[in-house]
Asker: 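First the structure, which I've put down as structure tokens, then a few questions once you've had a look.
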Amino acid sequence: VGVVGVVAALAVACATAVPAPRLNEHNGAGAYDVAGRQQFLAAAWEQGARVAPDTPHWLQVAVKQTNTQTLFDTVDRVSDPTNRDYGRYLSMSEANALVQPSPASVAAILGFFKQLGCQATLDPAGDVVTVKSTVGVLEAGLGVQVHAFRHRHSRRALHRTLDVVRLPEDVAQHVDVILGLEDFADYPRERRGLRQAKAAAATAAAGSGNCSSSNAPGFGKASSSHDQLSVNVLVYCSNGQGTTSTTAPCSDHLPPVRSFRVVYTDLDTGDQVTQTPSVDTATCSTRGDTIECSLPALKIPPYSIGSIVATTMYADGSSSDEGKYNAGSPVPFTSAPFLTPQYIFDTYHVPPGTRGTAAKNSQAVVAFEEQYISVDDDLMTFFDEMGLPHTKPIIHGQNDPSNPGGEATLDIQYIMGIGQGINTTFWSCTGKGPAIPPGNGAYILTWALEVAETKDAPLVTSISYGDTEQGYFWKFGNYSYITRMNVELAKMASRGLTVVAGSGDAGASNVGEAGNDISPTDPDCSVARPFFPSNSPFVTSVSSTFPSTHALPICNDRVGSHLPIDCTQVGEVAVGLSQGLYWTTGGAFSNMSANPTAKWQADAVHGFLTSQKAALPPPSFFNSGGRGYPDISTLGHNLLCVLGGKITPIDGTSASGPVFGGLVSLLNDVRLNKGMPPVGLLNPTLYQAHTKYPAAFNDVVVGTNKDGDIQGRCSTFPSYCKYGFSAAPGWDPVSGLGTPNWNVLAEVFTAQS
């Protein structure tokens, strides 16, 4: 009898629970700090009453797979252009069968839940058991207490436990991950809300010395094109307090605001441009403990680097202290152009008019956390604004077009704007996850398990979500989530599916990042915090750059003491606070995936560690034996989108991901039209091409990822850090191999059969 037959025979529904046998903690790898994790979760989730025993509750149990090393070896063969098996991918059923759990594993798990009194069924892929039961049965059998939790910001509810789920020894050995009890999924907007509340409380306590009581204006993101600047100031009244009035700022803490003074100083020439807009010309909105006012655009030198100083002018003739933008950076501000798909085509040498024509080509973006898209309004308007023909994506899963999210909007518009004419899916895992009701637990493993059951899955998927390796431990209670996710990603690679992911938006240490998917903001710069799934050896990791005339080290130097070297050619610089932007692109070395797993990059990583030895952080900061990431970079600053009907520039490695995803889809199109298989896992070919065809990449040699994000007043998180990595010739953990030269890569990939 095959595995499916065994499962069909064992899938049962029982009515009563029986005492569980001897238990042991099923907690995956690593030390399990129960008290620390409970404290961590309590900061975001308020524990309520016990859930009624008869409340329905679902679990997903990922069964331990077999032959995973054989799977990894298969990926090596089918992804290596020098191997005779290159491009000979497995089918969906073959990939699933290769790592199929043993019948004994399936029987042990189903038998255990049969004894507890539940309904258990095996998914079509044969490696996940869905358990439908009640809270009372699960509490008795797993040694936990299930409570109703509410998020402290949004009040969203989850039914979860702070206890360690315990399984019998003879069952635990067959389990990778259990979803639906220990996993707490909160959303970036919820964590931002908590941070803002904390900042407001700190401001209120300013009199006790907990926060600055200065009346100097703070700053939001400084928006610019290559030659115009719009400053966003956070207004503080003469007494240092925030204001609630958006129409008459500081009318609640007199004197009111009359105007602002902004001075921009070009750091190369010393020339200054001054602006004194009246408060009536500003557009103000509530932000945190005060208001943020967007000031009229100011003409500045093109592609300049400079400093921004702002002062608030009050109606009684007094003025505030000076506020200095990004004051801790050697380059406080850099201007850069707005980006469109056509600009990206030109930068990466994609021939004009390139569109997908292969019927079997496909691409996707995946969304979580109630991120939706507006197809008929925002997406169609985006196509109109960019001069592109209208095409509509396939919607897989839940979508609410009346509530588009910035992340999902950026993803769909740029993968379709670059991968033009290619069948595109908006793959939504948003909404109720495995613990139903209530749900809201769906995350990246949910998506991966769906792909494992999808015969014709999209050939390229861009995923703009992730968190630090440690963040997964704190959220899911173990590192097994990452281990299992890596196997699922390897299954995708074995099938010829490409996954690209952004490398993170807060530098090597991820310090101060408010947008972590599953964990709170990392507090300091003490260690590198590798970002998953971007650092998986089965993913192509993408970092971010921006256009600049300071793209060579010499362009930031002088002849003698007074003559700046004014470079005119526009190149690319890695995004970072030290390069004048408000966030820092991620990159480092994994603590869980070793270089031997990613042997295709071994020479490149060794070259970096050897040539840059004197400039490296101390050994305690990072794992030099880990898989290095990113693999490649693309433009990721100032991408113009249409969100809620308005043209909006958006940043992030989550912008670079769909850009590169679209470029890969166009490579697939060339191959498919020649009767060749899709590119699959790109990385072995990319690293070999870097050695054999260096013209396939544009090297990025300026930038560092040692810093985090710009922090607001009263933030407890540092913006500037001592340690990180710097861009260098060849591969580096800031920009990877550089940015793509698409027309050369098209020749490289079509030369491989």
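Only a predicted model underlies this, so the values are computations on that prediction, with no experimental measurement involved.
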Asker: Nearest 0.5 Å, what's the OG1-CG distance between T340 and L639?
Answerer: 9.0 Å
Asker: Compute whether any side-chain donor of one residue and acceptor of the other, for T704 and D707, lie under 3.5 angstrom apart.
Answerer: no
Asker: Does atom CZ of F338 have more than 12 heavy-atom neighbours from other groups under 6.0 Å away?
Answerer: yes
Asker: Please determine, by modelled atom types, if N232 and S294 share a side-chain donor-acceptor pair under 3.5 angstrom.
Answerer: yes
Asker: Taking atom types as modelled, find out whether T584 and N705 have a side-chain donor-acceptor pair closer than 3.5 angstrom.
Answerer: no
Asker: Does one side chain, of S544 or S656, offer a donor that lies under 3.5 Å from an acceptor on the other?
Answerer: yes
Asker: Using distance alone, with no hydrogens and no angle criterion, decide if S534 and S541 have a side-chain donor and acceptor under 3.5 Å apart.
Answerer: yes
Asker: Sort and list the pairs that fulfil side-chain hydrogen bond (donor to acceptor under 3.5 Å, both in side chains) and have at least one residue in residues 299-311, not counting sequence neighbours.
Answerer: D227-K299, Y264-S304
Asker: What pairs meet the salt bridge (Lys or Arg N to Asp or Glu O under 4.0 Å) rule with one or both residues in residues 572-591, with sequence neighbours excluded?
Answerer: none
Asker: Is the shortest side-chain heavy-atom distance between F621 and L616 below 4.5 Å?
Answerer: no
Asker: Check whether the ring centres of W742 and Y348 lie less than 6.0 Å apart, and answer yes or no.
Answerer: no
Asker: Only one of I344, I415, D411, L410 passes side chain to side chain contact (heavy atoms under 4.5 Å, CB included) with V659; say which it is.
Answerer: I344
Asker: Are any side-chain N or O atoms of Q711 and backbone N or O atoms of G512, one a donor and one an acceptor, separated by less than 3.5 Å?
Answerer: yes
Asker: Can a donor-acceptor pair be found between the side chains of D268 and H550 at a distance below 3.5 Å?
Answerer: yes
Asker: Between atom OG of S223 and atom CG of L295, what is the distance when rounded to the nearest 0.5 Å?
Answerer: 11.0 Å
Asker: Would you tell me whether E469 and N535 have side-chain atoms, one donor and one acceptor, within less than 3.5 Å of each other?
Answerer: yes
Asker: E513 vs D709, test: side-chain contact (heavy atoms from CB on, under 4.5 Å). Steps then yes/no.
Answerer: CA-CA 7 Å; E513 172 55 55; D709 299 338; 3.0 Å; yes
Asker: Scan V231, I305, L581, I300 and name whichever one has a side chain to side chain contact (heavy atoms under 4.5 Å, CB included) with F333.
Answerer: I300
Asker: Say you draw a straight line from CE of M313 to OG of S320; how long is it, rounded to the nearest 0.5 Å?
Answerer: 8.0 Å
Asker: Can you say whether the rings of F622 and F589 are parallel (under 30°), tilted (30 to 60°) or perpendicular (over 60°)?
Answerer: tilted
Asker: Take a 6.0 Å sphere around CD1 of I565 and say whether it holds more than 12 heavy atoms from other residues, nucleotides or ligands.
Answerer: yes
Asker: Are a donor atom and an acceptor atom from the side chains of S654 and E407 found within less than 3.5 Å of each other?
Answerer: yes
Asker: Between T468 and N510, does any side-chain donor sit less than 3.5 Å from a side-chain acceptor?
Answerer: no
Asker: Between the side chains of Q272 and T265, is a donor N or O closer than 3.5 angstrom to an acceptor N or O?
Answerer: yes
Asker: Are there over 12 heavy-atom neighbours, none belonging to D266, within less than 6.0 Å of that residue's CG?
Answerer: yes
Asker: Drop me the distance from L640's CG to Y343's OH, to the nearest 0.5 angstrom.
Answerer: 12.0 Å
Asker: Show me the side-chain donor-acceptor pairs of residues 720-727 shorter than 3.5 Å, one per line, residues at least two apart or across chains.
Answerer:
residue	atom	partner	partner atom	Å
Y720	OH	N326	OD1	2.5
Y720	OH	G328	N	3.4

Asker: With a 3.5 Å distance limit and no angle check, can you tell me whether N638 reaches the backbone of S224 through a side-chain donor-acceptor pair?
Answerer: yes
Asker: Under 3.5 Å, is there a donor on one side chain and an acceptor on the other for T540 and N683?
Answerer: yes
Asker: Going from OG1 on T739 to CG on L635, what distance comes out if it is rounded to the nearest 0.5 angstrom?
Answerer: 7.5 Å
Asker: Do T281 side-chain atoms and P277 backbone N/O form a donor-acceptor pair below 3.5 Å?
Answerer: no
Asker: How long is the span from the CG atom in L643 to the CD1 atom in I647, to the nearest 0.5 Å?
Answerer: 11.5 Å
